Number of protein chains: 2
Amino acid sequence: MDTRIALLETAEMIARQRGLNGFSYADLSAHVGIRKASIHYHFPTKDDLTQEMLDQYVQRFLSRLAEISDRAESAAQGVDAYLTAYREALKDGGSVCLCVAMSADRDSLPAVAVESLNAFQKQSEHWLASVFERAQADRSILAVSSPADEAAAALALVEGAQLVARVTQDVSTFDKATAALRARLSLKRN
Amino acid sequence: MDTRIALLETAEMIARQRGLNGFSYADLSAHVGIRKASIHYHFPTKDDLTQEMLDQYVQRFLSRLAEISDRAESAAQGVDAYLTAYREALKDGGSVCLCVAMSADRDSLPAVAVESLNAFQKQSEHWLASVFERAQADRSILAVSSPADEAAAALALVEGAQLVARVTQDVSTFDKATAALRARLSLKRN
DNA sequence: GTCTATAATGGGATAGAC
DNA sequence: GTCTATCCCATTATAGAC
């Protein structure tokens with residue numbers, strides 16, 4: 001069971017660095033220290049591995065969003081934590097989050113995975129919309145018009161910011177792209 | 001020379017639909033009606049083809065931006081035209097612009113192509129910044145803070161909007177993600 | 001310029017021993 | 001569960017005839 005986890009983690013790491021089509025069983029073999037053929041014991045086909053990798057990621061990310069909602073003392077803190085999550089996924093600028101990597105290579109995904117991706121986007125957007133609704137009440141974010149539009153824009157912004165930062169290989173590119181949104185947040189200082 | 005052009009156009013079309021790693025000489029062969037081996041006469045290696053495809057795209061896009069600057073009667077019209085350009089590249093939701101496709105697969109690009117991509121991003125951002133500067137003068141865009149930050153955000157927004165729209169295969173996803181920005185534009189009606 | 005033929009490599013996947 | 005050995009297929013690329 002340990003090998004299985006190592007395979008999933010390694011696969012995700014490589015997929016986030018080089019794209020979904022950028023990793024092979026040979027790569028996994030080299031990283032995990034197990035022969036190519038043995039991988040098929042844990043994941044019969046690459047699609048099986050892809051699907052499980054994505055499902056695990058979606059579950060992990062959505063539970064993180066729930067956690068943020070619980071702890072945030074204001075809408076602004078929620079958006080701030082959301083931005084931070086995407087920023088962290090960039091590492092030093094060499095990797096994007098799995099959903100960006102998979103969105104880009106959408107056409108080579110198994111159909112089921114496309115459904116998972118769609119569901120993930122929908123839920124992310126829904127979560128963001130609820131945060132922007134909260135902002136209309138607590139006034140912690142400036143100039144919120146339609147929460148639904150703000151949510152769609154924020155999702156596109158963070159994904160696009162990861163994309164441009166990946167090209168420059170520099171987290172500061174992400175920071176600059178998200179600076180305008182951050183500037184609208186009223187955060188308490190300690 | 002006609003074959004050469006057909007190869008470049010077909011390669012770009014497929015790359016924008018399936019990703020940079022998603023097309024092969026066999027695909028080109030099928031579409032253009034020429035044998036695989038013959039493609040090597042026009043483009044010795046795939047990297048050669050990739051590079052020329054990108055250079056051509058960058059040149060075409062930047063000249064379009066220049067044209068927009070020339071014709072726009074206000075900053076708002078400039079941003080509007082910019083959004084429209086990215087929207088059109090989506091077609092029915094099945095293809096992204098070449099820079100998004102290549103950004104995603106950055107790590108499998110030849111080094112020279114990465115340089116071209118970087119230059120493209122820098123110039124796009126610079127162009128956008130000049131438009132937002134103009135907006136501070138003509139007041140055709142609401143609530144412009146730092147032109148540089150607005151530019152970085154706008155670039156990330158349109159690229160991300162293409163990414164999310166590609167997942168849903170629906171242009172309206174792009175429209176929703178860019179609605180908030182569009183709402184800030186003061187456009188004259190005819 | 002385009003063809004056929006053929007490397008040479010790397011991909012995912014299976015069979016069967018241990 | 002992991003191994004070796006092997007298969008089949010797709011890929012980029014080259015050689016040489018036409």
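Because the structure is predicted, anything quoted here is derived from the model rather than measured. Chain letters run A, B, ... following the sequence lines, proteins first, then strands; residues in each count from 1.
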Value in whole Å for how far the C1' atom of dG11(C) lies from CG of Asn21(B): 13 Å
Provide, to the nearest angstrom, the distance between the CG atom belonging to Asp27(A) and the C1' atom belonging to dG12(C). 13 Å
Exam field: side chain Ser95(A) to backbone Gln17(A), donor-acceptor pair closer than 3.5 Å: no
Below 4.0 angstrom from OP1 or OP2 of dT11(D), is there any side-chain N or O of Ser24(B)? yes
When the nearest nucleotide of DNA chain C is assigned to Ala26(A) and to Ala37(A) on a heavy-atom basis, which residue is associated with the more 5' position? Ala26(A)
Would you say a side-chain N or O of His42(B) is under 4.0 Å from OP1 or OP2 of dT2(C)? yes
Salt-bridge criterion met for Asp105(B) and Arg18(A) (N-O under 4.0 Å): no
Quick one: Leu7(A) CG to dT2(D) C1', roughly how many Å, whole number? 12 Å
Would you give the length of the straight line joining atom OG of Ser103(B) to atom CG of Leu163(B), rounded to the nearest 0.5 angstrom? 10.0 Å
Lys36(B) NZ to dT12(D) C1': how many Å, rounded? 8 Å
Which part of the nucleic acid, if any, lies within reach of Phe23(B) when heavy atoms closer than 4.0 Å are counted: base, sugar-phosphate only, or nothing? sugar-phosphate
Starting at NE2 of His40(B) and ending at P of dT14(D), how long is that distance when rounded to a whole Å? 7 Å
Please tell me whether Val158(A) and Leu98(A) are part of a single hydrophobic cluster in this structure, the criterion being side-chain heavy atoms less than 4.5 Å apart. yes
Reckon Thr3(B) has a side-chain N or O less than 4.0 Å from the OP1 or OP2 of dT2(C)? yes
Counting only side-chain N and O atoms of Tyr25(B), is one of them less than 4.0 Å from OP1 or OP2 of dT12(D)? no
Give a yes/no answer on whether the side chain of Tyr41(B) brings an N or O atom under 4.0 Å of OP1 or OP2 in dG1(C). yes
For Leu28(B) and dT2(C), give me the distance from atom CG to atom C1', rounded to whole Å. 16 Å
Taking 4.0 Å as the cut-off, does a side-chain nitrogen or oxygen of Ser38(B) come that near to OP1 or OP2 on dC3(C)? yes
Ignoring hydrogens and geometry, is there a side-chain-to-backbone donor-acceptor pair from Gln136(A) to Pro147(A) under 3.5 Å? no
Between P of dA13(C) and CG of Asp47(A), the distance in whole Å: 7 Å
d(CZ, Phe43(A); P, dG1(D)) in whole Å: 12 Å
